Amino acid sequence: MPRKTMIEAIRDAMDVSMGRDEKVVVFGEDVGFFGGVFRCTQGLQAKYGKSRCFDAPINESGIVGTAIGMAAYGLRPCVEIQFADYMYPAYDQLTQEAARIRYRSNGDFTCPIVVRMPTGGGIFGGQTHSQSPEALFTHVSGLKTVVPSNPHDAKGLLIAAIEDPDPVIFLEPKRLYNGPFDGHHERPVTAWSKHELGEVPDGHYTVPLGKAAVRRPGSAVTVLAYGTMVYVAQAAAEETGIDAEVIDLRTLLPLDLDAIVASVKKTGRCVVVHEATMTSGFGAELAALVQEHCFYHLEAPVARVAGWDTPYPHAQEWDYFPGPARVGRALIETMEA
Amino acid sequence: MPRKTMIEAIRDAMDVSMGRDEKVVVFGEDVGFFGGVFRCTQGLQAKYGKSRCFDAPINESGIVGTAIGMAAYGLRPCVEIQFADYMYPAYDQLTQEAARIRYRSNGDFTCPIVVRMPTGGGIFGGQTHSQSPEALFTHVSGLKTVVPSNPHDAKGLLIAAIEDPDPVIFLEPKRLYNGPFDGHHERPVTAWSKHELGEVPDGHYTVPLGKAAVRRPGSAVTVLAYGTMVYVAQAAAEETGIDAEVIDLRTLLPLDLDAIVASVKKTGRCVVVHEATMTSGFGAELAALVQEHCFYHLEAPVARVAGWDTPYPHAQEWDYFPGPARVGRALIETMEA
Amino acid sequence: MTDALRFHVPEPEVRPGGAPDFSNVPIPKAGSVPRPPIDVDPRDIRDLAFSIIRVLNRSGEAVGPWAGLLTDDELLEGLRHMMTLRAFDARMQMAQRQGKTSFYMQHLGEEAVATAFRKALQPGDMNFPTYRQAGLLIADGYPMVTMMNQIYSNEADPLKGRQLPIMYSSKEHGFFSISGNLATQYVQAVGWAMASAISGDTKIAAGWIGDGSTAESDFHSALVFASTYKAPVILNVVNNQWAISTFQGIARGGAGTFAARGLGFGIPALRVDGNDYLAVHAVAKWAAERARANFGPTLIEHVTYRAGAHSTSDDPSAYRPKAESDAWPLGDPIVRLKNHLVLRGVWSDERHAQAEAEILDTVIAAQREAEKHGTLHSGNKPSVRDMFEGLYAEMPPHLRRQRQQAGV
Amino acid sequence: MTDALRFHVPEPEVRPGGAPDFSNVPIPKAGSVPRPPIDVDPRDIRDLAFSIIRVLNRSGEAVGPWAGLLTDDELLEGLRHMMTLRAFDARMQMAQRQGKTSFYMQHLGEEAVATAFRKALQPGDMNFPTYRQAGLLIADGYPMVTMMNQIYSNEADPLKGRQLPIMYSSKEHGFFSISGNLATQYVQAVGWAMASAISGDTKIAAGWIGDGSTAESDFHSALVFASTYKAPVILNVVNNQWAISTFQGIARGGAGTFAARGLGFGIPALRVDGNDYLAVHAVAKWAAERARANFGPTLIEHVTYRAGAHSTSDDPSAYRPKAESDAWPLGDPIVRLKNHLVLRGVWSDERHAQAEAEILDTVIAAQREAEKHGTLHSGNKPSVRDMFEGLYAEMPPHLRRQRQQAGV
Ligand SMILES: Cc1ncc(C[n+]2csc(CCOP(=O)(O)OP(=O)(O)O)c2C)c(N)n1
Ligand SMILES: Cc1ncc(C[n+]2csc(CCOP(=O)(O)OP(=O)(O)O)c2C)c(N)n1
Ligand SMILES: [Mg+2]
Ligand SMILES: [Mg+2]
């Protein structure tokens, strides 16, 4: 099977979707002629024309706002926000409009849009190119939130998101665009061509929203992760020698609670990891759910490893990033608790 | 001591602050001549002039954005967002700017602003006049978030917020403006004049940010609440006869974790309540912290009672609102767990 | 030495206690503004952003180049729509006072704007209205009973009690689901219009916004996108002089008019007498033709006056003179159209009085019918199940759990 | 039958492979635009939003009503500032390539804008810059070593490694902490200016934004507030023709110019030749005087060209012809000022070459000095403690716990 980078897989997903359904349109800042600053839309304008793939003014609220109007008309817009850090101007449209149109109109109007945005740090992007705002979406009823961790899933999930009848936030961990990154920034980069999850089937397929995947089976402790942290967690398990079961959530909302509960009931311990700021991060929801549903199986408190409660700094990037050492320490502490 | 409504107490806090410090300015939509749709700024323009209290264009981003600029100049703006539901256009300015200016400039510039906004439901305001977005602020490093539950605290906390050197989000539970409301909407309304926390000292005093208050001592279970839910929790305790300790958090960030941990270690059980949507609400953070810090003292899972994961509906307002019956049920279940 | 800077806060001419004063509002003579061809270069009509297009003059005649588009029957229908809207408002206002619903917003004095506009559109076109354009529904024959069911949040409420009163939605009638958040839908209208153009369709969209709400950022987004992609959209600004207690000068700032905002985008911007049914219709028609002929967006400022309170939660006597509405120089839209029709010999005071009575009967009948299905606090209601349903096409597991927890 | 609608997407004149073409950019003759009095009624100068104020003509003479404000010494200083900025850019660009920092953004071709503007301000005035106005710092004598320390995120970085390279902050030099989020600071500039007016101060503010970023909503917020409260602020739009790969037509839409945006707000809007040091300075001075004299805001569109890449992460050959920069009709700002000074007899090719060498030496010396304090990946760094500190005036308990957890 062909191996692709995550960028190629994402592009492929849009290509396949645009080819199958002429209602799918793609736009965003620098998305048209140039093909996006991460090149995820490269070639789509040339292939499908300027009416299906085009550059947008630098106005995230306008990008999402017009996409909502298009969706109400009957199109299926898949728009790009250049960095998740720049979604804030669109937050009103996403949370107060996209998320609610079906509900408040009792289905008279719907909003099948996908909003893609690169997320996470690890590229020395500082506080305005590194954010992970997933918890700001999971708190909003009416949205779905997806975070792929590999090219195979990225393509299948994105196609599923585009075909979904409701608004989907699609967060792309930019540090994974070119390879599985386990947090060892001092080591050479691995490419997707070397990884089995870099295998991306041609043509149409979907990975269903709302289903987690076990990336590393284990019996001692459950690690709940998504995006880049999936690889960090795997590395931490290897390096500590702890028999951790690493679950890649893939979709945060709807959440695959069954998979989580089954694993934690088996292992009796749980560590939750994410790159976003700790307080009120999605890890809080995960920890709350796990202790609620697995209380009598837990042998240790659910631990959280996350970005510190500061903006993402530039020089201290690797002190901020919750790398394998910090996750490893949490695994050990959780085992010893 | 004089008894005041929460509206009068809030107005008094601004009056006292404006009188003491000419750097304090107040503005927002309908805030000037008219004195605000909830009348919290009534009389301030007449007393301090149009330069200190004025009407703003309907542009929440502009209100907060200009306030940030004013703070950088050296003023201390205290602005009003007409309803918390309308803060979303300002979310970018609040989270990406106000919250970060001190940090990113290493203290070269600071941002001592207060952003007041009425929050919560219970007035048949439907999905756009009922929201409780506190978790969207607590996830953002650099902000402080305050939720008063009575006139005495509202005045003291608001003065403290205005004097605070950093940006403070000040959420005013609108259902408490005129009296302590315990969720029994079918009963006659109690007025603040009948409640001891309606006693508001004249002149200057502060209630420090970051300190919780025990509203009802108890030994069986700890209830963590803020705003309107403080009274709902008290009612639930009375009605179930469960000896619950009700803690009014008052400030969500910085959080008084010591007070929480001390109580839960004593009671061994904990119920967290809030009006906001459950998933990724601030209750998730509280549950996560409690199980982390009190794991070995907990005799039951930390329970959450919150608004359902839907927009706040109009007709089904009281089915949505987590009233004393639902909180009571959680207390009983937690005691029986 | 430089003088100290001074802070400038715009103020209305008068406040309660003062005598209403509109002497600073220049009112051009009816018929005096030319009607440009629809392919006009926007640069050639910049002055239209500072004038007011008017058709009905003080004597009730329809004059000038914008006159003559509507038949007597159409005008009589328009009159009936405005009268219906006014009667509807009065009843619903009262129903709110009686506790039958939580909230209401009326259109008093602004009835011409949406009713006349609607008749310039074609089936399939889409409006993105604010809370003050129920005239669009009335003029399109949307059943009043359904509107009332929504207002009452009763068992027959098409929106299942989820939305605030008056936040209607009807795709069939080209009326997009209203949002309580101001201005958000202005840019959605542009997106809808872009989608129509992308699809090679012939349908156009119309966005609606109030004077105060033009200050919101989405107003700018809408203009940027409409201007860039030449979207087939009509961008309406209803300048009713007030935004709750805030006079239009706060939103407008130093610009002479709201229409002027269009100039910075190369969008043709017209001001129209919003209390003149014929003028509103003619200008709307011009803009609709432009949009449909691929000439792109038009900005229309409807100059009118909010004669009533902002909503049932508001009392305007706190911030403006009580008699200000009577002094409004553009008069009452119903009286003006009535006078015109009387002058044309197709209407009379008697027929008007009779029509008023008939309309009231119809509205009351609709109200009775609606109340059979209940009102907010009595009778049958949308169910608690309805609260959990319809958020997603398929209910996700966590919501199913919550619904079970709620016991429904 | 109505034709189908068509979707319109603006396109630049040429793409890579094509021959650069600026024939559609009308360039008025230097000296041809009048200089109105500062108390002019904005309505009387609407045409200035569609022209370009220019002082230096093709022969290098300073002509017309906007000429004559600066002495030879001041001009020589201006030349030095521009040359310094260009040399600084070249070294830092290289430093980034050498891995000494993560990122850099240069000003190539736009050096006149900020350097000339800065000299029209007074001490205490405040700029709210974007990432492409380092010229403000250079022209105000901010130490290059400090700038480099920030770029290197080294132990002497005044921002403690927390901010991206080039996101400087200096209250002392009237330079507000730069944000990576576009446009947010435009409205903050207005707020700062409002505060100055509220305080009865004499200081004014200047906001900065790029052509592409005018599409952002905060641009609108800024204009609304500035217009309403007549804030003493200068609102600069730097139109360098490109926003990363997106040509200015996408942001500008159907408006002829970005300055035109001011017209809808009653804000005087001027376009200036951004590659003409004298013109930028003269226009800035005019706007500053207006602001200080309580006449309110001015919008200035600086017409220039981004000759380099957007940033070190960008390669413009993918989206525009390689030689487009050479074809830019307003020339190079350094060459133009140099020619003028040579013509005036106060400068020569030799002295220019010598100055170039001297400046390079100074920049290199500053760089050596800065590198003593380390570069991004080598040498001493801001500490991990620095990461936790300075977020709040007083560190809250949860952050103290996290810092302890981090072992610092
Ligand atoms: C984003 C947002 N901010 C504030 C409000 C509160 N609000 C509701 S109506 C209104 C005034 C609107 O005035 P205008 O746009 O002139 O419309 P009008 O009511 O006059 O028709 C305000 C401030 C809101 N609904 N949404
Ligand atoms: C809110 C936001 N959206 C998008 C970006 C990404 N971005 C950075 S610079 C840029 C282009 C800006 O172009 P322009 O305003 O013309 O300024 P120039 O770079 O030409 O000086 C974009 C899209 C951002 N930084 N912030
Ligand atoms: Mg209005
Ligand atoms: Mg640019």
Side-chain angles (χ1 to χ4, degrees), chain A residues 22-23 25 27 49-52 54-75 77 89-90 92-93 96-112 141-144 164-167 209-210 251 253-258 289, chain C residues 126 128 157-160 162-164 167-172 175-181 183-201 203 205 207 217-218 220-222 224-229 231 233 386 389-399 401:
Chain A
E22 62 172 22
K23 293 192 190 323
V25 294
F27 62 104
K50 280 200 297 172
S51 292
R52 304 274 312 279
F54 52 92
D55 287 328
I58 305 177
N59 181 322
E60 291 77 11
S61 174
I63 290 169
V64 174
T66 51
I68 292 169
M70 291 178 194
Y73 175 90
L75 299 187
D92 190 31
Q93 287 285 346
Q96 306 302 296
E97 296 291 325
R100 295 165 169 234
I101 284 170
R102 176 190 294 278
Y103 188 74
R104 72 174 192 233
S105 74
N106 193 28
D108 197 23
F109 295 93
T110 62
C111 191
S141 315
L143 298 177
K144 297 183 178 178
D164 195 273
D166 288 305
L209 306 189
T251 304
L253 201 137
L255 182 70
D256 192 348
L257 186 61
D258 292 346
L289 285 171
Chain C
M126 185 63 68
F128 288 74
D157 173 4
L159 308 184
K160 302 289 180 198
R162 294 183 195 135
Q163 242 314 12
L164 274 179
M167 303 283 175
Y168 317 104
S169 173
S170 172
K171 192 174 197 166
E172 193 191 336
F175 192 97
F176 188 72
S177 152
I178 299 180
S179 169
N181 304 60
T184 44
Q185 307 197 277
Y186 217 52
V187 61
Q188 296 165 8
V190 176
W192 197 98
M194 287 167 69
S196 181
I198 287 171
S199 310
D201 199 344
K203 303 192 194 95
S217 297
D218 283 329
H220 176 71
S221 310
V224 170
F225 280 72
S227 171
T228 296
Y229 303 110
V233 63
D386 284 326
E389 269 159 16
L391 180 59
Y392 299 91
E394 201 185 316
M395 191 177 290
H398 69 284
L399 216 49
R401 274 197 306 278

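If you're wondering where the values come from, they're calculated on a predicted model, not measured in any experiment. Sequence lines set the chain letters: A, B, ... in the order given, protein chains first and strands last, and positions in each chain run from 1. Both backbone and side-chain heavy atoms feed into the values below; hydrogens, waters and symmetry mates do not.
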Donor-acceptor pair, distance only, cut-off 3.5 Å: does the side chain of [X] make one with the backbone of [Y]?
X      : Y      : result
A/D166 : C/A393 : yes
A/Y103 : C/Y392 : no
A/R104 : C/I178 : yes

Tell me, side chain or backbone of [X] under 4.5 Å from chain C's heavy atoms, or both, or neither?
X     : result
A/D92 : side chain
A/V25 : side chain
A/A99 : backbone

[X] side chain near [Y] side chain, heavy-atom distance below 4.5 Å:
X      : Y      : result
C/H398 : A/L253 : yes
A/F109 : C/Q188 : no
C/F225 : A/I63  : yes

Rounded to the nearest 0.5 Å, what's the gap from [atom1] on [X] to [atom2] on [Y]? Could you check?
X      : Y      : atom1 : atom2 : result
A/R100 : C/Q163 : CZ    : CD    : 9.0 Å
C/S177 : A/I101 : OG    : CD1   : 6.5 Å
C/R401 : A/L257 : CZ    : CG    : 4.5 Å

Q) Mind checking what makes ring pair (Phe, Tyr, Trp, His ring centres under 6.0 Å) contact with A/Y73, not counting sequence neighbours? A) C/W192
Q | A/S61 and C/D218 side chains, donor-acceptor separation under 3.5 Å | A | yes
Q: For A/R102 and C/L391, work out which heavy atoms get closest and say how close.
A: CD-O, 3.5 Å
**Q.** side-chain contact (heavy atoms from CB on, under 4.5 Å) assessment of C/S169 paired with A/N106
**A.** CA-CA 9 Å; C/S169 173; A/N106 193 28; over 6 Å; no
Best-contacting candidate, [options], against chain C by heavy atom pairs under 4.5 angstrom:
options                     : answer
A/K144, A/R52, A/M70, A/E22 : A/M70
A/A71, A/A72, A/P254        : A/A72
A/G49, A/S51, A/P165, A/P57 : A/P57
A/D256, A/L143, A/L289      : A/L143

Q: Output the option from C/L164, C/D157, C/I198 having the highest count of non-hydrogen pairs under 4.5 Å with chain A.
A: C/I198
Q | Residue selection (most heavy-atom pairs with chain A, distance under 4.5 Å) from C/L159, C/V190, C/T184, C/T228 | A | C/T184
Using non-hydrogen atoms only, which part of [X] is less than 4.5 Å away from chain A: side chain, backbone, both, or neither?
X      : answer
C/S196 : both
C/P397 : side chain
C/Y229 : side chain

(Q) Before you tell me yes or no, could you show the steps for A/E97 and C/S179 under side-chain hydrogen bond (donor to acceptor under 3.5 Å, both in side chains), namely the whole-Å CA-CA distance, both residues' side-chain angles and the distance that decides it to 0.1 Å? (A) CA-CA 8 Å; A/E97 296 291 325; C/S179 169; 2.5 Å; yes
